[in-house]
2 protein chains.
Amino acid sequence: MILNLSHIKSARQRISKYIHRTPVMTCRTLDRISGSELFFKCENFQKTGAFKFRGACNAVLNLEAQKSNFGVITHSSGNHGAALALAASIKKITAYVIMPKNSAQIKKSAVLQYGGKITYCEPTLRAREKTLVNMVAKTKAPVIHPYNNYEIVAGQGTAALELLEDQNDLEVIITPVGGGGLLAGTCITARGIKPDILIFGAEPKGADDASLSLKAGRIIPQRYPKTIADGLLTSLGSKTFPVIQKNVNDIITVSEENIIKAMLLIWERMKIIVEPSAAVGLGVLLENPDLFKKKKVGIILTGGNVDLDRLPF
Amino acid sequence: MILNLSHIKSARQRISKYIHRTPVMTCRTLDRISGSELFFKCENFQKTGAFKFRGACNAVLNLEAQKSNFGVITHSSGNHGAALALAASIKKITAYVIMPKNSAQIKKSAVLQYGGKITYCEPTLRAREKTLVNMVAKTKAPVIHPYNNYEIVAGQGTAALELLEDQNDLEVIITPVGGGGLLAGTCITARGIKPDILIFGAEPKGADDASLSLKAGRIIPQRYPKTIADGLLTSLGSKTFPVIQKNVNDIITVSEENIIKAMLLIWERMKIIVEPSAAVGLGVLLENPDLFKKKKVGIILTGGNVDLDRLPF
């Protein structure tokens, strides 16, 4: 399957009555600090507090009835889990969510609040996958992978679609990259609408598998990630990497210091709450002050789910 | 002088190109918790991070040229100071701001950032006023009182004007009350546009001078206030109290517990940053769960300037 703009538009039609059309915010102080003109797509205001609801909603609504009888199942460090739980509730089916037991409390609570059923596992990819196999055998529910799934990618691409509708003169678009669902969806949308737009992935230096993969020309799995951006710890997927590789202009890594600085700037200057993973896009501009001078830059603020008693400042 | 809706409309015309038209946000979770339909006017997104810029801007732009040659002067625990500093910068005049030395660091920095000149004083009304007299003698600048000033009141009233334009079916409007500038301006606007609307002031139990004043039929000065809502420590003014007395349906006091709970709900559920004083309006609904059941309630979120390392949660 080759995703194109029409898949994104179909996804939008499917999910539009269930999702928020989130606002695009601007901030003169951040424009001054960055030297660019910034347009922030505020997915921290999305239902469940993150863009992940777009993809989850598209995937669940697109399931054939007989497949969804058993519910849906996924593993997720948090935002996708909550998103899938809420999406499943639209269809009145059960969402089984496998979560590392060290996930942020706010993310655990969210899954439960939306009616999801959590199975905890050790915080390693291997443990997650083993638990997943067991749970699938037990429930017979189809797996909705957090990012390595075309319906998920198509759903995530609707964020950039709205952003470019609201601000059609963007020259650059930056999204954080973890598993690559949002970045791949953004690539399809942005390249489809504006072939010449510059598209960048933003990644913590402490979890730089996407940058290494892009350089190597093949997926380099993430090992021992170490970053506060807990939504960006995963490796690229076989369905996201090729899209990213084909369309992205570059993947830029950001230091922990600049991630935290960007997060604090967004909180203090824009008066909105974003999680560390969402701040990595602005971090790119702090880390590379001359890269986008005077350009119109769209940045997707991916989520706002933070444990308020574990703030880095 | 008797303020009426035309003064608010003139103020709006005067300031509209300098202020942000702030969004009105909604939140289904808070609707569910409160049992009402809530419309939040987000003045935390206003320039300088608080509604105070509306009044300061109106007052400064309305000064006769010869009066403003010496600059402007005020005393303020913070948000009005920053607002006056930015408003003065529009006219390229100096703002002298007298601040209690225990003001929040973020509020001191803001005044300085907008080019204001701070004189520190002890954190008592008496010390403020003495310092003010000295500074006026020294600078000859006219005093722009934080609230006991008709131009300030008219400027603050523009927030409710925008709110009622965006949501003209509101049945209730709630604003925090400190010195009463915002509440008086809201009274003029809301009563002028919708004579039957219910208007409430929201006040911390630990600084309940406005509630006591309304009951007594005269201004009862605030003594020894004790509340986290540091923008609401002041007494009502001779120019704000009569307007409030005539128009307000009641002033409702809120416990510290419900102020903090409301603030946390706004942060976690709406993903926006508000200061404690701004949360007192929602606090009214938490404290009186049955008062506004199923009503359409407008709440002005007054500001978002918080010291992030002194959070109450």
(request) Return the set of residues passing side chain to side chain contact (heavy atoms under 4.5 Å, CB included) with B:Ile260 (not counting sequence neighbours), or none when no residue passes. (result) B:Ile228, B:Pro312, B:Phe313

(request) Could you pull out all residues at least two apart from B:Pro23 that satisfy side chain to side chain contact (heavy atoms under 4.5 Å, CB included)? (result) B:Cys42, B:Phe45

(message) What I'd like to find out is whether the side chain of B:Leu308 reaches to under 4.5 Å of the side chain of A:Leu311, using heavy atoms alone.
(response) no

(request) Below 4.5 Å from any heavy atom of chain A, which atoms of B:Met270 appear? Answer side chain, backbone, both or neither. (result) backbone

For chain B against chain A, give me the donor-acceptor pairs closer than 3.5 Å, one per line with atom names and distance.
unit_1	atom_1	unit_2	atom_2	d
A:Gln113	OE1	B:Arg269	NH1	3.1
A:Gln113	OE1	B:Arg269	NH2	3.3
A:Arg269	NH1	B:Gln113	OE1	3.2
A:Arg269	NH2	B:Gln113	OE1	3.4
A:Lys271	O	B:Ile273	N	2.9
A:Lys271	NZ	B:Gly304	O	3.0
A:Lys271	NZ	B:Asn305	OD1	2.8
A:Ile273	N	B:Lys271	O	2.9
A:Gly304	O	B:Lys271	NZ	3.0
A:Asn305	OD1	B:Lys271	NZ	2.8

(request) May I have all residue pairs that pass salt bridge (Lys or Arg N to Asp or Glu O under 4.0 Å) and include part of residues 80-90 of chain B, sequence neighbours excluded? (result) none

